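Below is one structure, written out as structure tokens, with a few remarks after it.
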Amino acid sequence: MKNRNADTVVVLDYETTGLSPDQGDRGIEIGAVLLEAGKVTDRFQRLMNPGFRVSAFIEDYTGISNSMLHSAGNGESATREFAEFIDNHNLVAHNASFDRRFLDAEMQRAACSYSGTFACSMLAARRLYTDAPNHQLGTLVHLRQLDNEGVFHRALADAEMTALLWLDMLEILGERYQLNQTTFGTMQQLTRTAKGAVEKLLHRQADVQRSTTA
DNA sequence: TGCCAGGCCCTCTTTAGGGCCTT
């Protein structure tokens with residue numbers, strides 16, 4: 001296995017037929033970007049035919065129509081390709097518990113697997129954008145004036161915006177806490193720390209970083 | 001338009017309830 005680079009992550013987003021794979025919902029689109037050293041270096045996007053018609057709500061919500069899905073390949077082949085794209089990298093998603101459930105379910109169907117661990121940009125955002133009116137992806141993109149083409153609820157567009165949000169948060173950690181070599185593990189730790197203890201954690205991390213680089 | 005679920009978080013909590021976020 002290749003060494004896992006803490007700075008390289010795959011940022012992904014699923015569009016699905018509903019909220020729960022345990023209730024029979026399937027992924028209908030997977031979008032992802034490979035983020036290396038602060039830059040998007042690769043992209044992945046596939047539509048997936050779930051094998052049944054999606055609801056009018058999902059067609060409206062995502063802009064993905066039944067006719068688009070009719071001509072799409074099945075989820076198993078797309079998932080196998082996606083497993084190769086993930087390689088052994090760690091993963092980021094906005095509300096990662098949702099995307100992880102669908103990724104795990106689709107991987108199981110396709111009889112493949114991945115080895116990286118997830119970090120959640122939404123949980124990190126709740127710690128770092130404490131003044132935001134809410135922590136929906138679209139709200140944060142507008143709040144932070146991140147580049148976007150006005151496309152929301154499509155997998156690749158949402159993955160691209162999540163990646164920009166991720167980079168924005170890394171920049172905040174550098175500016176606000178002088179954490180200039182933020183690792184994936186630091187971000188995971190951030191999301192697992194109670195809100196009231198975040199400041200202490202990040203200042204302590206910065207102290208450790210300074211002492212090890214001095 | 002938003003229910004279905006699940007995980008996380010906050011608080012008027014921890015022997016619980018409800019809001020947020022994802023489609």
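Because the structure is a prediction, the values reported are computed rather than measured. Residue numbers begin at 1 in each chain, while the letters A, B, ... track the order of the sequences.
The side chain of A:Arg127 approaches B:dC9 more closely than any other nucleotide in the set B:dG6, B:dC9, B:dT1. Picking from B:dT23, B:dC8, B:dC21 the nucleotide with the shortest atom distance to the side chain of A:Thr16 gives B:dT23. Closest contact between the side chain of A:Asn95 and the listed nucleotides B:dT22, B:dG7, B:dT23 involves B:dT22.
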(message) Run A:Thr62 and A:His153 through side chain to side chain donor-acceptor pair (under 3.5 Å) and show every step you take.
(response) CA-CA 5 Å; A:Thr62 63; A:His153 307 306; over 6 Å; no
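In this structure, the side chain of A:Asp99 engages the main chain of A:Tyr14 through a donor-acceptor pair within 3.5 Å. Judged by distance alone, with hydrogens and angles left aside, the side-chain atoms of A:Glu160 form no donor-acceptor pair with the main-chain N or O of A:Val33 at under 3.5 Å.
Going from the C1' atom of B:dG17 to that of B:dT1 covers 25 Å, rounded to whole Å. Taking the P atom of each, B:dG18 and B:dT13 are spaced 13 Å apart, rounded to whole Å. For B:dC12 and B:dG6, the P atoms lie 28 Å apart once the distance is rounded to whole Å. Separating the C1' atom of B:dC3 from that of B:dC21 is a span of 15 Å, rounded to the nearest Å. Nucleotides B:dC4 and B:dG19 are separated by 12 Å at their P atoms, to the nearest Å.
Put simply, CG on A:Leu103 is 15 Å from P on B:dT23, counting in whole angstrom units. Rounded to an integer number of Å, the gap from A:Asp22 CG to B:dG6 C1' is 9 Å. The CG-C1' distance, from A:Asp99 to B:dG6, rounds to 13 Å in whole Å. In this structure, the CE atom of A:Met48 is 13 Å from the P atom of B:dT23, given to the nearest Å. The CZ-P distance, from A:Phe118 to B:dT22, rounds to 15 Å in whole Å. Note: CZ (A:Arg101) to C1' (B:dG7) measures 7 Å, nearest angstrom. If you take CZ of A:Phe98 and P of B:dA5, they are 14 Å apart, rounded to a whole angstrom. Note: CD1 (A:Ile58) to C1' (B:dC3) measures 12 Å, nearest angstrom.
A donor and an acceptor atom, one from each side chain of A:Asn134 and A:Thr139, are located under 3.5 Å apart. A donor and an acceptor atom, one from each side chain of A:Asp25 and A:Thr17, are located under 3.5 Å apart. The closest side-chain donor-acceptor pair between A:Tyr114 and A:Asn90, if any, does not fall under 3.5 angstrom. Checked by atom type, the side-chain pair A:Ser121/A:His94 shows a donor-acceptor distance below 3.5 Å. Under 3.5 Å, the side chains of A:Gln189 and A:Gln205 contain a donor-acceptor pair of N or O atoms.
The aromatic ring centroids of A:Tyr177 and A:His203 lie less than 6.0 Å from each other. Ring pair A:Phe152/A:His142: centre-to-centre distance below 6.0 Å.
A:Thr17 comes within contact range of no nucleotide atom at all, as no heavy-atom separation falls under 4.0 Å. Here A:Leu19 lies in heavy-atom contact (under 4.0 Å) with a base. Contacts of A:Asp13 with the nucleic acid, taken as non-hydrogen atoms under 4.0 Å apart, involve only primed sugar atoms and P, OP1 or OP2. Across all strands shown, A:Leu137 has heavy atoms under 4.0 Å from sugar-phosphate atoms exclusively, and none from any base. Nucleic acid contact class of A:Phe102 (heavy atoms, under 4.0 Å, all strands): none.
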Can you pull every protein N or O that's under 3.5 Å from an N or O on nucleotides 16-20 of chain B?
unit_1 : atom_1 : unit_2   : atom_2 : d
B:dC20 : O2     : A:Arg126 : NH2    : 3.4

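The phosphate of B:dG6 has neither OP1 nor OP2 within less than 4.0 Å of any side-chain N or O from A:Arg100.
Both A:Arg192 and A:Ala56 sit near DNA chain B, but only A:Ala56 has its closest nucleotide nearer the 5' end. DNA chain B is contacted by both A:Asp25 and A:Gly196; A:Asp25 maps to the nucleotide lying nearer its 5′ end (nearest heavy atom per residue).
Non-hydrogen atoms lying under 4.0 Å from DNA chain B are contributed by A:His153, A:Asp158, all within residues 151-159 of chain A.
Scanning for salt bridge (Lys or Arg N to Asp or Glu O under 4.0 Å) contacts around A:Arg100 gives an empty result, with sequence neighbours left out.
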